[in-house]
Structures are given as structure tokens and as C-alpha cells.
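One-based numbering, in listed order, for ligands and for the atoms of each.
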Amino acid sequence: MSQPPSLALLNTLRQLLGDAHVLTSDQTDLSSYEQDWRKRIRGKALAVVRPANTQQVANVIKACAQAQVSIVPQGGNTGLVVGSIPDDSGAQVLLSLQRMHAVRAIDTDNLTITVEAGCVLQHLQHAAEQAGFLFPLSLGAEGSCTIGGNLATNAGGTQVVRYGNTRDLCLGLEVVTANGEVWHGLSGLRKDNTGYDLRNLMIGSEGTLGIITAATLKLFPMPAAQLTAWAAVPSVEAAVQLLGLAHQHLGAGLTGFEMMGQFALSLVDKHYPQLRVPLWQDTPYCVLLENSDSESETHARARFEHVLELAFNEGCVSDAIVAENLGQARNLWHIRESITLAQADEGLNIKHDISIPISSIPDFVAQTDARLKQQIPGVRLVNFGHLGDGNLHYNVQAPEGGDTAAFLRVHEVAVNTCVYQSVKQFGGSISAEHGVGSMKVDSLPDYKDPVALQMMQQIKRALDPQGLFNPGRVVR
Ligand code: FAD
Ligand code: 2HG
Ligand code: ZN
């Protein structure tokens, strides 16, 4: 008697990878693979497979393609749009890249590093640092997210104002295609106009077009000094004005510009009082600025103080501190990076990751705040993010003391519609850096140019005709 197809596939996968690297729920607790980071959704995989090298990934894809079983790639599972967990069918294979974490090469003359997709971002940063260079991608989840996941989502983070998104940091990719072939695109070239840009097509495709197995990335010189300042600003307009001054007077030295609303900071103060959030009580917004200098700390400090002095005189800063040492600077960044956790501690909430032309952000915030406050009396807005990139995390928390689950049930759809309509009005995007995943896939037709969406669907069909790579994510 022949085996059921799923059992036959499991046996093939075990032959390809060894029993220890094909995990099933009858033997292993798979919750860390099957549940999203926010613990809002739990799927069920046929199996979690953990290949050790590119050839094994290719073999897994071929076996799954033959069995017509779909595949969900996963790195650190820190994504915030539910794109890296299986659906609840129990029929999908979850492909974890975590065992593929090697640094393959560093070329100090070409200023490049080549790493495998499962390399954790923080390890990559350390490897670059040990070689005397900077790999500038930085985000709150860097201790567990992987470079493969960063590339697949085109992650942003806190250095984009100077160095760009993950896409801007990548020169070459190695990718396994939907029929199990390997595209050897690990070029360290800064110029290559030999046709369509497949690298940039794969970046940001969230596992729907190919499995990224390795990447060649740009390295940068280490700055001689990095200074961090924390400024109280009287309004969003003032924060935008401060950004203009910082661009004008720090030039390429401006490497970070984050804005944080008073309520967002009050949550950090409430849940992590040991972090001692400065200046938040008497101001609607605070700004975190970073100045990287290729000369010296004295030079950096003088330039920073000059900008802040101008800002005081123009009235766009009411108070400010410049970190005296690395420990203080780290603490200020730690406060910024703790908002997500503090918000989770406060209870279930609605997240938005939006971008708007920077010039329109003050009006966007004023109008959307007013609409939401009218729609839901007592609603609490957790507004923070990468103002230097025009990217806000315009998150929405239930009124104090309310039933948070009921809040989501009753208000989530209407809140999303209100925020997205406002984003549309101001010419923005409903996903700036986190991606589409399954959370935003049904909203895309309302907010994306229809011709662009059609081309995306055509590309998906061309590169993954069986629809086996992360189905139901990004495009339907
Ligand atoms: P996963 O979550 O495992 O996967 C994300 C997506 O990529 C999924 O669609 C998955 O299928 C696909 N994928 C993963 N690996 C591969 C691969 N090798 N090949 C093909 N597809 C693959 N994001 C930002 O942009 N900026 C931030 O500032 C930021 N801060 C965060 C802070 C916190 C506390 C948390 C929890 C998350 C934050 N994120 C941020 C979101 C998240 O960390 C990023 O999206 C990150 O890039 C995901 O990496 P990962 O390895 O965890 O990917
Ligand atoms: C950040 O910038 C992340 O800290 C997470 O992108 C945003 O928690 C969020 O909404
Ligand atoms: Zn962010």
C-alpha cells in the first residue's frame, strides 16, 4: 500500500536532511516557529525543516515542488506582519534558515562581507566590527532577526536616514528558485547593468519569489566618534524643523533621527522605570539624534552643540541633553527601542507602519489624531518612529482600563481604515518598512496602484507558477 503524500514527503525530507533536522509537532514543541512574534496568531506546520547549506535548501524545494507542498521561509521570526509562520492547515513546510549562519568572506578592499541568510544581524554587525568596519543596519530585534529576513522584508531601522534600507546595503544575492535551482548572484559589484535587477526584485519579496540563502553586503568605515542627543520639542512641526537644521549643519554626519510621542515614552517610564526616561513629562514629543563624525569626538560635540543652539534660538527645541559617554548614549537608544515592548506590556494594540512625505507629517498627525479621538473617546496614541525617513509607527492603544480584546474586536478594522485613508490622503504608504505579510495583503488593492499590483501578480506567476512560496502573502 502506498503512503499518504504528506508522509512520503516527510520521509524524503528526513533522507535529505537527517531526522534531527525535520521537526514535527508530535516530537517537538514547535510554538516558537508556528506563532508570530506578537503572539496574536498560531499556525500549524506539516514539519519544520532546518537545512545546513544551499544545496540542501535546493533539494528541499525540489521535493516540496514535486509533492506540490507550499513552503514558508523563516529567519528569526521577528516580523511584525505575520509573514513567517505557516497557516493553520498543517500542510505547509516551514523552512528555517537558522542553521545557515556562516560568515563566508570579508573583502576589505572591496568593502564587502558575504554571509549566509540565517546569520543573526547582531553577529553580522560584530563580524564587521572585528574586521574594523561598520555594517550600519540596526533595529530593535537585531539580537534575533536574520539578514535573510532583513533582506526579505527590506528592513529599515534607525540608520536609514544616512545609510538607506537593507536594499541599499546589498550588492549581491544567492537565491534558490521555485524549481529548486540556485541563482549564484553573489556579486560584489557596485555597477552592473546587464538587464533586469533581479536582486532588487528578491529584496522585499517576503519569501514569495525565492529563498535567499546568502548575501554580499556593503561595509562602511567606522566613524571616529558617535554622539547621541535627546531633545524636547514643542510640536511635530518643531521636530521637522529640527530635522532640517540637522541635515543642513551635520550633513552626512546625521545618522539617526527618531521622534517619540509623550504617551509612548510614558509607557516606557511605567513599565521600565529603571531606564529613567529624560525630559518627557513636560513636552509632547522628544527627538533622539545621532551624529557620526569621521574626525573626532571634540569635532562631533562642537557641531552637535551648534545645531542644538540654533534650534533653541529658533524655538524648535525647548530642552536637550547630549550623552556624555557611550553608556549614556546606549541608555537613550535602549529607551527608544523599548517602546515596542512597553506597548506590548500595556496590552493588545493596533500597529501601523506608515510613511508620508516629511513635509506633510505635522498635518497628517494633527488630522488623524483628531479623527481617532472623535471616533473612540479616550483612545491612546503611541506615535513614534523614524521621522528622518518620514516613517511613523502610528500605533493605537485601547482607552485606559478597557478590555483590550474587545477593543480590537470592535475597533481594529475601523481604526485601520481611518489611518490608511489618512495615509492615502497625504500620498503615503501603508507599509514603510515591515512589509505586507498576511496582515496587509487584503488592504493592498485599496492602497496600491492597480497597474503596479497587476505587475506584481504577473511576476509572482512567472517566478513561482505553482504558487508554493509563501502563498497568501504580499499578493494573492
Ligand atoms: P522573519 O520574521 O523570520 O521573516 C520575515 C519575512 O521574510 C517572512 O515573510 C519570511 O517568509 C521571509 N524570510 C525570512 N527569511 C527569508 C529568506 N532567507 N529568504 C526568503 N524569505 C525569507 N523592522 C524594521 O524594518 N525596522 C525596525 O526598526 C524594526 N524593529 C523591530 C523591533 C522589534 C522589537 C521587533 C520584534 C521587530 C522589529 N522589526 C523592525 C521587524 C522585524 O524585525 C524585521 O522585519 C526583520 O527584518 C525580520 O527578520 P527575521 O529574520 O526575523 O525574519
Ligand atoms: C521600531 O521602529 C519597530 O521600533 C517596531 O519598527 C515598531 O512596535 C512597532 O510598532
Ligand atoms: Zn521601525
Side-chain angles (χ1 to χ4, degrees), residues 32-33 36-39 51 54 57 61 70-86 92 94-98 100-101 115-121 137-160 165-167 173-176 202-215 256 258-260 264 267 333 336-344 349-355 382-387 389 391-397 431-439 441 469-474:
S32 65
Y33 298 101
D36 77 307
W37 187 86
R38 294 173 74 196
K39 298 194 168 41
T54 304
V57 174
I61 300 306
S70 58
I71 299 133
V72 179
Q74 187 182 89
N77 198 18
T78 67
L80 295 174
V81 290
V82 191
S84 53
I85 57 165
Q92 296 187 308
L94 189 131
L95 177 79
S96 167
L97 279 299
Q98 278 174 339
M100 294 179 56
H101 50 71
V115 293
E116 292 181 343
C119 183
V120 169
L121 175 57
L137 183 65
S138 177
L139 47 129
E142 63 198 22
S144 36
C145 65
T146 63
I147 190 63
N150 302 146
L151 287 157
T153 56
N154 185 27
T158 54
Q159 303 279 296
V160 173
N165 295 299
T166 311
R167 168 171 285 128
L173 288 180
E174 181 186 87
V175 172
V176 175
M202 289 294 163
I203 296 171
S205 67
E206 301 180 47
T208 62
L209 299 180
I211 312 292
I212 298 169
T213 50
E258 300 284 312
M259 184 179 79
M260 299 148 290
L267 290 181
W333 277 106
R336 157 64 184 88
E337 299 295 13
S338 299
I339 297 173
T340 301
L341 293 173
Q343 223 201 323
N349 57 74
I350 305 171
K351 279 194 187 298
H352 299 114
D353 162 41
I354 56 150
S355 58
V382 183
N383 182 2
F384 69 104
H386 319 287
L387 185 68
D389 320 325
N391 173 196
L392 294 180
H393 299 303
Y394 188 84
N395 298 344
V396 180
Q397 199 96 30
S431 174
E433 59 171 5
H434 295 164
V436 177
S438 37
M439 263 179 61
V441 68
F469 276 172
N470 220 356
R473 271 83 197 238
V474 187

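Among protein heavy atoms, the minimum distance from atom 2 (O) of ligand 1 is reached at G79 N, 2.8 Å. Considering only non-hydrogen protein atoms, atom 38 (C) of ligand 1 sits nearest to L80 CD1, 3.8 Å. Among all non-hydrogen protein atoms, the one lying nearest atom 1 (P) of ligand 1 is N77 N, 3.6 Å. Among all non-hydrogen protein atoms, the one lying nearest atom 4 (O) of ligand 1 is S84 CB, 3.4 Å. Atom 37 (C) of ligand 1 has as its closest protein heavy atom T78 O, 3.4 Å. The nearest protein atom to atom 23 (N) of ligand 1, hydrogens excluded, is given as H434 CD2, 3.5 Å; this is a heavy-atom distance. Of all protein heavy atoms, the one closest to atom 40 (C) of ligand 1 is L139 CD1, 3.6 Å. P73 O, 2.6 Å is the protein heavy atom nearest to atom 11 (O) of ligand 1. Closest to atom 9 (C) of ligand 2, if we only count protein heavy atoms, is K351 NZ, 3.2 Å. When hydrogens are left out, the protein atom nearest atom 5 (C) of ligand 2 is T340 OG1, 3.4 Å; that is the closest non-hydrogen contact.
Checked by distance only, ligand 1 and T340 stay at 3.5 Å or farther apart across all their nitrogen or oxygen atoms. Annotation: A117 places no N or O atom under 3.5 Å from an N or O atom of ligand 1; distance criterion only. Checking only distances, G75 does come within under 3.5 Å of ligand 1, N or O to N or O. Polar contact check, A141 against ligand 1: no nitrogen or oxygen pair lies under 3.5 Å apart.
Using 4.0 Å as the threshold, H434 has a heavy atom nearer than that to some atom of ligand 2. Between G437 and ligand 1 there is no heavy-atom distance shorter than 4.0 Å. At least one heavy atom of H386 lies less than 4.0 angstrom from ligand 2. Distances shorter than 4.0 angstrom occur between a heavy atom of G210 and an atom of ligand 1.
The proximity of C145 to ligand 1, defined as any non-hydrogen pair under 4.0 Å, involves the side chain as well as the backbone. In L151, neither the side chain nor the backbone holds a heavy atom less than 4.0 Å from any atom of ligand 1. When non-hydrogen atoms are compared, ligand 1 lies under 4.0 Å from neither the backbone nor the side chain of R473. At a heavy-atom distance under 4.0 Å, only side-chain atoms of T153, from C-beta outward, approach ligand 1. Under 4.0 angstrom from ligand 1, the non-hydrogen atoms of L97 all belong to its side chain. Only the side chain of E433 comes within 4.0 Å of ligand 2, counting heavy atoms alone; its backbone N, CA, C and O stay farther away.
Near W37, meaning under 4.0 Å from any of its heavy atoms, are these atoms of ligand 1: 36 (C). For ligand 1, the atoms lying closer than 4.0 Å to a non-hydrogen atom of T146 are 50 (P), 51 (O). Against a heavy-atom cut-off of under 4.0 Å, H393 is close to the following atoms of ligand 2: 1 (C), 2 (O), 3 (C), 6 (O), 7 (C), 10 (O). Set against the non-hydrogen atoms of R336, the atoms of ligand 2 under 4.0 Å away are 1 (C), 2 (O), 4 (O). Counting atoms of ligand 1 from 1 in the listed order, those under 4.0 Å from a heavy atom of H386 are 28 (O). In summary, the atoms of ligand 1 found under 4.0 Å from a heavy atom of A152, numbered by their order in the structure, are 7 (O), 12 (C), 13 (N), 21 (N), 22 (C). Close approach of ligand 1 to A155 (heavy-atom distance below 4.0 Å) involves ligand atoms 25 (O), 47 (O). Less than 4.0 angstrom separates some heavy atom of N395 from each of these atoms of ligand 2: 9 (C), 10 (O). In summary, the atoms of ligand 1 found under 4.0 Å from a heavy atom of G207, numbered by their order in the structure, are 20 (C), 21 (N). The contact set between ligand 1 and G83, taken as ligand atoms under 4.0 Å from a residue heavy atom, comprises 8 (C), 9 (O), 10 (C), 11 (O). Near N470, meaning under 4.0 Å from any of its heavy atoms, are these atoms of ligand 1: 9 (O), 11 (O).
The main-chain N or O of N391 is never found under 3.5 Å from a side-chain atom of E433 such that the two would form a donor-acceptor pair. With T213 contributing its side chain and E174 its backbone, the two residues share a donor-acceptor pair below 3.5 Å. Using a distance-only test at 3.5 Å, with no hydrogens or angles considered, a donor-acceptor pair links the side chain of R38 to the main chain of N349. In this structure, E206 contributes its side chain and V436 its backbone to a donor-acceptor pair below 3.5 Å. Listed for the H393 side chain is no donor-acceptor partner under 3.5 Å among the backbone atoms of K351. Side chain of N470 to backbone of V72: no donor-acceptor contact under 3.5 angstrom is found. A side-chain donor-acceptor contact under 3.5 Å links T166 to the backbone of A155. Judged by distance alone, the side chain of E142 and the main-chain N or O of L139 form a donor-acceptor pair under 3.5 Å. Using a distance-only test at 3.5 Å, with no hydrogens or angles considered, a donor-acceptor pair links the side chain of S438 to the main chain of V82.
Between H434 and H352, the ring centre distance reaches or exceeds 6.0 Å.
With no hydrogens or angles considered, a side-chain donor-acceptor pair links N77 and S84 at under 3.5 Å. In summary, the side chains of Q92 and S70 do present a donor paired with an acceptor at a separation below 3.5 Å, with no hydrogens or angles considered. Using modelled atom types and a 3.5 Å distance limit, the side chains of N150 and R167 yield no donor-acceptor pair. Using modelled atom types, one finds no donor on one side chain facing an acceptor on the other under 3.5 Å when comparing N383 with N395.
Here H393 reaches the Zn ion (ligand 3): one of its N/O/S atoms is less than 2.8 Å from the metal. E433 lies close to the Zn ion (ligand 3), since one of its N, O or S atoms is found at a distance under 2.8 Å.
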With side-chain contact (heavy atoms from CB on, under 4.5 Å) as the test, would you mind laying out the steps for E116 and H101 before giving the verdict? CA-CA 5 Å; E116 292 181 343; H101 50 71; 5.7 Å; no
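Pairing each heavy atom of I203 with each of L173, the nearest pair is CG1-CD1, 4.1 Å. Nearest approach of V57 to P51, heavy atoms of both residues: CG2-CG, 3.6 Å.
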